[in-house]
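See structure below.
Reckoned from all heavy atoms, side chains included, excluding hydrogens, waters and symmetry mates. Here is how names work: the chains are called A, B, and so on, in the same order as the sequence lines, proteins then strands, and each is numbered from 1. Since the structure is predicted, the reported quantities are computational estimates derived from the model, not experimental observations.
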Amino acid sequence: MTWLVRSTMCDMMPAVGDQPGLADAGVDTFLATVRRESPMLVWAGLVLGAVIFAVTPVITVYVPLPSFLLPAGLRDTHANRICSTRFYLLRQAVFLLKMYACMCWGQDAAVRRRFNIAAYPADPGTFRTT
Amino acid sequence: MSHVPFQERGDVAVEADYVVVGTGAGGAAAAVTLARSGASVLMVEAGPWRDPHDYAWSTYGAMRDMMDDWGATITMGRALWPVVQARLVGGTTVINSAICVRTPEDIFGEWARNHGITGIQERVWRFQDQLEDELCVAETAPAAMGRSNELALKADAAGNFGGHVIKRYAKGCIGSGQCLQGCREMKKQSTNLNYVPEVLRRGGQILSSAPAERILFEGRRAVGVTGRFVHPQTRAKGAKFTARARKGVFVAASVTHSPVLLRRSGLTHAAVGAGFRAHPGTGVFGIYDEPVDQNFGVTQGWASTKYREDAGLKLETLSIPMEMAISRLAGGGRAFMERVVGYRHIAMWVHALRARSVGTVGAGWGGKPVIRYSFDEYDMARFRAGLVKMSEMHFAAGARVVIPGVHGIPYSLGPTELDVLANAPLDPKRYVAILSHLFGGCMMGTDPTRSVCDTRGKVHGHEGLYVADASLMPDNIGVNPQHTIMALAMIVAEGALGIA
Ligand SMILES: Cc1cc2nc3c(=O)[nH]c(=O)nc-3n(C[C@H](O)[C@H](O)[C@H](O)COP(=O)(O)OP(=O)(O)OC[C@H]3O[C@@H](n4cnc5c(N)ncnc54)[C@H](O)[C@@H]3O)c2cc1C
Ligand code: SF4
């Protein structure tokens, strides 16, 4: 399901003008890390958000196709509408996905440079062992 | 050995006069008070011990390495709002903003009237004097404030919002804006840097990555805790540990975990987990013509308590990492990304509400806390009023528009459009709130049918069992709670030692 999580996240954060999108911001490495490290429930939440994103064009753009089969323009309209849908539980499920997409995008060094923010060094992930 | 980290195999058995569960604000303050009296102290901490050079830089890393349950705890109620706490040595003091506010005088009156808690005002304030001295409480220097905080000062000068530069447990803060991922500069005085090491210097011990699962009893007397180590990365269970207490067990595992630990240990009294309260908070973004670059400067530098008594509101500046801030901009796809382009022009200011709504903390699957909590209409109306107030502040500072972040009203509002926000629907599902100041669950009081602990933190009906964290507090207080929690924990510790 990683491909679905990836494609829906990238639909949420496309490039605009010279501002890079998620696809250019290390999403593959990020998702591999999340998949490996996160508790089952976090990953399940992301998959659920992605599935909801994928199956809801019928209520946002009124087309009975999964989001990844929509033409680019409609897919973008869907991304905007599903993130702001009035159905609370759908909005929340998709928000988790958006939050992780933002975490990935916002930790990319090139993105941070655009916003005048220092790049993050690698997270050490260490702790006292003695 | 004074520090026992994750152990994979075998049985670890340790003993001391006192066992303290949790090393956050309450646990560390209790432990150091006990250790200073000459008692031997054993701290049992669910999370690992991470030094500043171990702290994560990124938000993802902070969720993974520092947050309880990966930051995924939410309220179950009319709205699903995140409940944020840390899980590592030092507890939530590692990731908080270190704002230090004395317990307001009116709180002591309320506690006396409603819960029979008397005779502690002078002692709380005396301990707060001591804490301010030991933890280097100071106002942030002007050079470390940053533009967002400066704009708040400007708004205050223009609109009289009754604010001040915040005092914090920070020694020489340089305004790196990383408080929520832990202060790598070692300026913020989280308890892993001071009280926990002091306890060890005084002969104490600590088990880390060691969540206590049960309190051990002999009759009505608590004699220790037991559990199994959990690996900080793989979450695999390791060796069993038993921490035995000759004189007493202090539970300071936080508002969400202390009631669960008591319940799992057989204390099924209805008051355990009752009285959960919070200061739910939310932010309003102001968009300015000039770049604000809110990630430069101290994480929180300005606050106002002017509206605490009538409206229950505390106003503050807050800068959160860029990746978290942008996720609050509405929408998805190109429309969303076009909003993100202007990030440098955003200042985020927040309010926290002294909500009157009350919830419960229960034990869910695998010992995870389940928090049932919803706002009533009265709280929602005040919460919305707080958004209006923050918006007025942004306009007083020269913001072009504000982004209130309420679902179903226009994305941004100009200075003449605030009535739209003032009349926004009160459905909590339309609002985003975060719960970071938590109270109750093991409340103190004189009535054993309504409280878990007596007025000095000893659990009713048990010997040698004390609660020393925010769960003890029978009400929310309308200001940042760490200072009150620490002072109360010190009083509980002195009570166990037989000091007044
Ligand atoms: C982002 C954020 C910012 C904040 N900013 C401020 C601020 O500026 N000023 C302020 O006054 N307050 C602030 N607060 C609130 C303040 O930090 C908390 O109220 C305070 O730390 C609570 O103290 P505590 O001892 O109850 O719990 P904690 O400090 O959370 O400590 C509890 C400890 O118990 C451990 N634990 C949990 N379960 C177990 C178990 N079963 N066995 C062993 N150990 C266990 C946890 O890992 C943790 O270390 C903030 C909170 C957050 C989340
Ligand atoms: S703003 Fe930076 S230097 Fe100051 S206390 Fe926070 S993390 Fe430390």
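- A donor-acceptor pair is defined here as one N or O able to donate and one able to accept, closer than 3.5 Å; such a pair exists between the side chain of A:Thr85 and the backbone of A:Phe87.
- Residues of residues 95-119 of chain A that come closer than 4.5 Å to chain B, counting heavy atoms only, are A:Phe95, A:Lys98, A:Met99, A:Tyr100, A:Cys102, A:Met103, A:Trp105, A:Gly106, A:Gln107, A:Val111, A:Arg112, A:Arg114, A:Phe115, A:Asn116, A:Ile117, ordered by residue number.
- When each of A:Ala15, A:Cys83, A:Ala122, A:Gly17 is checked for heavy-atom pairs under 4.5 Å with chain B, A:Cys83 comes out on top.
- Checked by atom type and distance alone, the side chain of A:Asp123 pairs as donor or acceptor with a backbone atom of B:Ser58 at under 3.5 Å.
- For the set B:Ala79, B:Gly408, B:Pro321, B:Ser208, the entry with the most heavy-atom pairs within less than 4.5 Å of chain A is B:Ala79.
- For the pair B:Arg344 (side chain) and B:Glu290 (backbone), a donor-acceptor distance under 3.5 Å is absent.
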Checking A:Thr60 against A:His78 for the side chain to side chain donor-acceptor pair (under 3.5 Å) test, could you report, in this order, the C-alpha distance in whole Å, the side-chain angles of both residues, the deciding distance, and whether it holds? CA-CA 6 Å; A:Thr60 56; A:His78 167 66; 2.6 Å; yes
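- With a 4.5 Å cut-off on non-hydrogen atoms, A:Thr77 does not touch chain B at all.
- Across B:Pro5 and B:His3, no two heavy atoms sit closer than the pair CD-O, 3.4 Å.
- Between the B:Asp51 side chain and the A:Arg128 main chain, no donor and acceptor come within less than 3.5 Å of each other.
- A salt bridge does not link B:Arg147 to B:Asp293: none of the charged side-chain nitrogens sits closer than 4.0 Å to a carboxylate oxygen.
- Of the two parts of B:Met337, the backbone and the side chain both hold a non-hydrogen atom closer than 4.5 Å to a non-hydrogen atom of chain A.
- The main-chain N or O of B:Gly77 is never found under 3.5 Å from a side-chain atom of B:Thr75 such that the two would form a donor-acceptor pair.
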Pair B:Phe229-B:Val12, side chain to side chain contact (heavy atoms under 4.5 Å, CB included): steps then yes or no: CA-CA 10 Å; B:Phe229 287 94; B:Val12 174; 3.8 Å; yes
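- B:Gln178 touches chain A through its side chain: at least one heavy atom from C-beta onward sits under 4.5 Å away, while N, CA, C and O do not.
- A donor-acceptor distance shorter than 3.5 angstrom exists from the side chain of B:Thr23 to the backbone of B:Gly90, with no hydrogens or angles considered.
- Per-residue counts of heavy-atom pairs under 4.5 Å with chain A were compared for B:Ala330, B:Pro48, B:Ala335, B:Pro232; the largest is that of B:Pro232.
- If you measure heavy-atom distances from B:Ala62 to chain A, you find no contacts under 4.5 Å at all.
- Separating the CE atom in B:Met186 from the CG atom in B:Leu193 is a distance of 6.0 Å, to the nearest 0.5 Å.
- Of the listed residues B:Leu88, B:Asp65, B:Ile326, the one with more heavy-atom pairs under 4.5 angstrom with chain A than any other is B:Ile326.
- Interface residue B:Arg184: only side-chain heavy atoms are found under 4.5 Å from chain A.
- Among the candidates B:Trp70, B:Phe336, B:Tyr55, the residue making the largest number of heavy-atom pairs closer than 4.5 Å to chain A is B:Trp70.
- For the pair B:Gln7 (side chain) and B:Arg9 (backbone), a donor-acceptor distance under 3.5 Å is absent.
- Both tests hold for B:Arg339 against B:Tyr411: distance to the six-membered ring centre under 6.0 Å, angle to the ring axis within 45°.
- If you measure heavy-atom distances from A:Glu37 to chain B, the contacts under 4.5 Å come from both the backbone and the side chain.
- In this structure, the portion of A:Val42 lying under 4.5 Å from any heavy atom of chain B is its side chain and not its backbone.
- Counting heavy-atom pairs closer than 4.5 Å to chain B, the top residue among A:Ser84, A:Ser38, A:Cys10 is A:Ser38.
- One distance of note links CG of A:Leu46 with CZ of A:Phe53; it measures 13.5 Å at 0.5 Å rounding.
- Both the backbone and the side chain of B:Arg334 come within contact range of chain A, each with at least one heavy atom under 4.5 Å from a heavy atom of that chain.
- When heavy atoms are compared at a cutoff of 4.5 Å, A:Val94 does not approach chain B at all.
- For B:Phe6, no part sits under 4.5 Å from any heavy atom of chain A, backbone or side chain.
- Contacts of B:Phe296 with chain A are made by side-chain atoms alone, with heavy-atom separations under 4.5 Å and no backbone atom involved.
- When B:Arg430, B:Arg328, B:Met324, B:Arg64 are compared by the number of non-hydrogen pairs under 4.5 Å with chain A, B:Arg64 comes out ahead.
- Proximity of a side-chain donor or acceptor of B:Trp81 to a complementary backbone N or O of B:Tyr431 within less than 3.5 Å is detected.
- When each of A:Asp11, A:Ile82, A:Val34 is scored by its heavy-atom pairs under 4.5 Å with chain B, the top score falls to A:Val34.
- Residue B:Val89 does not touch chain A at all, counting heavy-atom pairs closer than 4.5 Å.
- Residue B:Arg235 qualifies as enclosed at atom CZ: its count of foreign heavy atoms under 6.0 Å is above 12.
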